[in-house]
Each structure stands twice: as C-alpha cells, then as structure tokens.
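Structure first, commentary second.
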There are 2 protein chains.
Amino acid sequence: MGGMSDVQRARIRLQISREAARLFWDQGVAATSGDQIAEAVGVSTRTIWRHFRNKESCAEPVIMQGVVTLLGVLSAWPKDRFLEDHLKAELARLGVEEPPVSFADEMLATQMIWLADTEPALRASWLMACDQTERELGVIIGNRLGLPPDDLEVRQHAAAAAAVIRIHDEHIGAAIVAGADVAEYADVEALSKRYAHAIRTATGGAIGDPVI
Amino acid sequence: MGGMSDVQRARIRLQISREAARLFWDQGVAATSGDQIAEAVGVSTRTIWRHFRNKESCAEPVIMQGVVTLLGVLSAWPKDRFLEDHLKAELARLGVEEPPVSFADEMLATQMIWLADTEPALRASWLMACDQTERELGVIIGNRLGLPPDDLEVRQHAAAAAAVIRIHDEHIGAAIVAGADVAEYADVEALSKRYAHAIRTATGGAIGDPVI
DNA sequence: CGACAGTATGTCACTAAGTGACACGTCGCG
DNA sequence: CGCGACGTGTCACTTAGTGACATACTGTCG
C-alpha cells in the first residue's frame with residue numbers, strides 16, 4: 001500500500017523546483033518550457049505535470065524554503081518566552097548546527113522572490129506561498145491565543161504577521177540581489193529584533209509577549 | 001494618436017470580466033473555456049487574450065470592484081480626521097448617492113472571492129488583486145506619514161492593512177454566500193468601526209489617528 | 001526466491017490556452 | 001475623399017496540461 005512517501009514526494013518536487021528556478025533565473029519564465037525543465041531534471045515532461053499543476057508553481061518548493069526556517073522556529077516558540085528572545089536563541093542555534101536549508105537553496109529562493117516583483121506569473125506563486133505561510137501562522141497564533149485557527153481575530157493577526165514577514169523577505173532579497181553583502185543580514189541579534197518588532201506591531205501587540 | 005482610452009479599455013475588460021465571473025460561478029473555472037467567455041460577451045476569442053493575460057485573470061476586474069470602494073474612500077481621507085469618522089461619513093454618503101459599483105457587481109465579486117478559497121487558480125487572481133490594493137495603500141499611507149511609498153515601514157503598514165482588509169472581505173463574503181442576510185453588513189457605523197479597528201491594530205496604531 | 005499487487009513513470013494522442021501575422025472595418029483628420 | 005492609426009476577426013501555430021495505457025520498480029506474502 002502507501003505509494004510514494006511524503007518525504008520522497010517532497011524530494012522530487014524540490015529537485016524539479018531547483019532546476020526550474022535555475023532556468024527561470026537564467027532565461028526568464030516565459031522562455032523556459034516544460035520540456036526544458038524535464039530534460040534538466042532527467043525525467044519525462046509528463047512527470048513534471050504530475051507533480052505540479054502548472055509551470056510557475058514549479059518554483060514554489062524553492063520559494064517555500066525561503067520561509068520554512070522562520071516558520072519552523074515559530075512553531076517551536078514556547079508560550080512563556082518573548083518572541084525576540086526565542087528568535088535570537090533559535091537562529092543562533094541554527095547558525096551553529098546543520099542549517100535546515102542549504103545556502104544554494106536560500107539563494108535560489110531569494111532570486112525567485114526578486115523575480116516575482118516583475119514576473120506576474122511568479123508573483124502569483126510567491127503570493128500563494130505566502131498564503132500557505134499565513135495558514136500555518138494561523139495555527140501557531142491560534143494555539144498561542146487559545147483560539148481556533150479560523151477565528152476572525154486569529155486570522156487577522158496571522159494575515160498581518162505573514163504580510164510583514166513577506167515585506168521583510170522581499171526587502172532583504174532585493175538588497176542581496178542588488179549586491180548587498182549577505183553577511184549584513186547575518187547579525188542574529190538585529191534580525192531577531194526586527195522580525196519580532198514587525199510582528200508585534202502588525203498584531204497590535206497581541207503576538208510577541210509571553211502568554212500566561 | 002493615443003489608441004483606446006483607458007476608460008474604454010476598462011469598460012470592455014469589465015464587460016468580459018462579468019461574463020467570465022458568471023460562468024466561473026455557474027460551472028467552475030476549469031469547465032469554462034476561453035471560447036465560451038468570448039461567445040457570452042459577443043467578441044472573438046482572440047480579443048479575450050488581447051485584454052487578459054490568462055483565463056483566471058478575467059475575474060480580476062470584477063474582484064477589484066469589491067475593494068475599489070474602500071480604496072476610493074481611503075484615498076480621500078483628510079489628514080486631520082479619525083479613520084472611523086471618515087469611514088462612517090463617506091460610507092453613509094455613498095449609501096445615499098449613486099453607489100460607485102452596482103449591487104450585481106458586488107455580488108459577483110463576493111462570489112469570486114468565495115470561489116477563490118477553493119479554486120487555486122482564482123486564489124492567485126484574488127491575491128494579485130490584493131497585492132494591487134497593497135500598492136495603492138502604500139501610496140496613501142506614505143502620503144499620510146510623509147514618507148515615500150517604498151519606505152520599509154510604509155510597506156509594512158500597507159501590507160498589514162491590506163491583509164486585514166482581505167481577511168474581512170473573505171469573512172464577510174463567506175457569510176453572505178452561506179446565506180447570511182446582506183442587510184447585516186449594511187450597518188455603516190459598526191462596519192466603519194470594525195475596519196478602522198482592524199487597520200489601527202494591524203499598523204500598531206500608526207494609521208488611524210489624525211496626523212499633525 | 002518467486003509470484004503478486006500497487007504505484008510511479010514513460011509514451012503518445014489529444015484538448016485547450018495563448019501568440020503571431022495579416023486582412024478588414026472604423027474613426028478622426030486634413 | 002484619402003490617409004493613417006488602431007481595434008478586431010480569422011487562421012495557423014506553439015505549448016501548457018490531461019487521459020489512457022503499457023511498463024518498470026518496489027515491497028509483501030507465501
């Protein structure tokens with residue numbers, strides 16, 4: 001029974017996504033055909049469409065990698081801690097241990113997010129990825145506030161928080177693509193403070209402090 | 001010189017959008033072909049693709065109508081007024097005067113927004129429409145704070161505000177489609193307060209009060 | 001080890017989305 | 001009237017995406 005395991009499925013999707021993103025970046029989305037992606041990955045074109053509903057969404061897994069770290073950190077946020085403290089500790093820990101996503105993938109994600117600013121097809125994918133982020137944030141925030149994830153207030157906080165995270169990602173991504181030093185964004189302390197402040201502001205202070 | 005005027009172009013786009021939205025609602029997006037939309041409007045299929053980059057985006061003008069009222073009201077928000085007061089006055093005025101968008105269009109927009117919850121193709125269009133809203137909000141907020149629209153703080157406020165407006169629209173839309181009385185949302189006073197509160201919260205209090 | 005079941009993939013024919021090129025009708029202008 | 005500009009229709013064409021079927025792979029049970 002069982003078919004392909006989720007992790008296996010995720011791996012092939014990521015593999016396809018990497019090649020697609022590389023091609024999108026090198027020659028543009030419109031100029032990249034499904035056949036080309038398939039050839040680059042080494043599978044048949046049909047397989048591409050089995051794993052992705054359309055060409056643009058081939059970029060989604062790579063784009064997702066760009067936010068998956070932060071989302072993972074937020075999932076593990078204990079109720080009795082300040083957001084900035086938790087972020088700082090976790091991001092520092094990730095810097096020492098094996099990072100969950102490779103630097104090359106982060107770079108690809110950054111490039112895709114930057115491309116999304118001008119390529120409308122990719123923008124839709126990017127927004128869909130952020131939409132997914134928002135739903136997951138809804139669960140986290142709902143949990144923290146002791147409310148169901150589909151509660152109106154929870155959804156508002158989640159949407160606002162996801163929105164400012166997106167703006168940050170776009171902002172940093174644009175700077176990096178423009179040639180800014182990547183190290184500039186390696187200051188865990190400052191980064192944590194900025195994210196925490198943005199989320200706290202966007203939720204009117206509802207998310208950020210310990211909850212009793 | 002000059003070609004088709006913008007208003008003319010907008011009119012044909014809206015016309016196409018109405019028929020497309022009706023068909024999407026009646027038989028689903030996938031089951032609706034470009035040829036069908038063209039026939040319903042009474043133009044050639046080629047003309048459809050001249051005005052829209054793809055099938056799903058045919059719904060965008062109608063979807064946009066759903067937020068255009070609020071956006072117009074916000075554009076005219078004087079610096080020395082509280083948001084709730086301005087909203088209340090303007091929405092009440094619009095109720096008396098000729099409304100900027102017909103009730104039928106509002107209903108179509110509501111249906112499309114509801115459909116977007118399950119149809120991924122439409123969701124992308126809906127998110128793109130919200131993205132547009134966000135950009136316009138950026139101009140309004142930047143103006144209000146005396147900052148350029150691409151300032152990071154302005155963008156964060158605009159994104160968060162656009163996000164909570166979207167959540168509200170989805171929430172109200174879902175209720176109406178589910179059969180709630182439309183009149184329930186005709187209470188201008190309550191509606192103004194809710195929008196104002198949501199925006200004020202999402203911007204950490206930065207947007208909502210008069211600015212000196 | 002070997003037969004079997006389930007499923008992911010390849011192949012191929014097919015539908016439909018979307019584009020390019022060109023001809024035609026219309027409208028404003030001298 | 002003649003001219004130029006532009007929106008639209010027609011048609012051929014490319015390519016995204018699906019359905020159907022054959023095949024190869026993978027794990028399980030005897």
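The structure displayed is predicted, hence computed values, not measured ones. Chain letters run A, B, ... following the sequence lines, proteins first and then strands; every chain starts at 1.
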Exercise. Can you list the residues that meet the side-chain contact (heavy atoms from CB on, under 4.5 Å) rule with A/E170, with sequence neighbours excluded?
Worked result: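 Counting only residues at least two positions away or on another chain, A/E170 forms a side-chain contact (heavy atoms from CB on, under 4.5 Å) with A/I113, A/R123, A/W126, A/R166, A/I167, B/R155.
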Starting at [atom1] of [X] and ending at [atom2] of [N], how long is that distance when rounded to a whole Å?
X     : N      : atom1 : atom2 : answer
A/E39 : D/dA16 : CD    : C1'   : 17 Å
B/W49 : D/dT14 : CH2   : C1'   : 15 Å
A/R53 : C/dA17 : CZ    : P     : 17 Å
A/Q8  : C/dT7  : CD    : P     : 13 Å
B/R9  : D/dG7  : CZ    : P     : 8 Å
B/H51 : C/dA17 : NE2   : C1'   : 17 Å
B/N54 : D/dT15 : CG    : P     : 18 Å
A/I48 : D/dT18 : CD1   : P     : 13 Å

For this session: Write down the atom of B/I16, the atom of B/V41, and the distance for their closest heavy-atom approach.
Result: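 Nearest heavy atoms, B/I16 then B/V41: CA-CG2, 3.8 Å.
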Exercise. When you look at CD of A/E39, are more than 12 heavy atoms from neighbouring residues, nucleotides or ligands closer to it than 6.0 Å?
Worked result: no
Problem set entry | Residue A/K55, side-chain atoms from C-beta onward, closest of C/dT9, D/dG9, D/dG17 | D/dG17
For this session: Among the candidates D/dG9, C/dG10, C/dT19, find the nucleotide nearest to the side-chain atoms of A/S44.
Result: C/dG10
Problem set entry | Carboxylate-amine/guanidinium contact A/E90 A/R81, below 4.0 Å |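 Salt bridge flag = no for A/R81 with A/E90.
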Kindly say whether [Y] contributes a backbone atom to a donor-acceptor pair with the side chain of [X] at under 3.5 angstrom?
X      : Y      : answer
A/S17  : A/V62  : yes
B/K79  : B/N143 : yes
A/H157 : B/A202 : no
A/K88  : A/L83  : no

Exercise. With sugar-phosphate meaning primed atoms plus P, OP1 and OP2, does B/D35 contact a base, only sugar-phosphate, or nothing at under 4.0 Å between heavy atoms?
Worked result: nothing
Problem set entry | Euclidean distance, B/I63 CD1 relative to B/L115 CG, rounded to 0.5 Å | 9.0 Å
For this session: Map A/T45 and B/G34 onto DNA chain C by nearest heavy atom, then report which one ends up closer to the 5' terminus.
Result: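 On the 5' side of the pair lies A/T45.
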Seminar exercise, completed: Per-nt protein contacts along nucleotides 20-26 of chain C (heavy atom under 4.0 Å; B base, S backbone sugar-phosphate only, - none) come out as B------
Exercise. Taking DNA chain C as the partner, which of residues 15-32 of chain B come within under 4.0 angstrom of it by heavy atom?
Worked result: B/T32
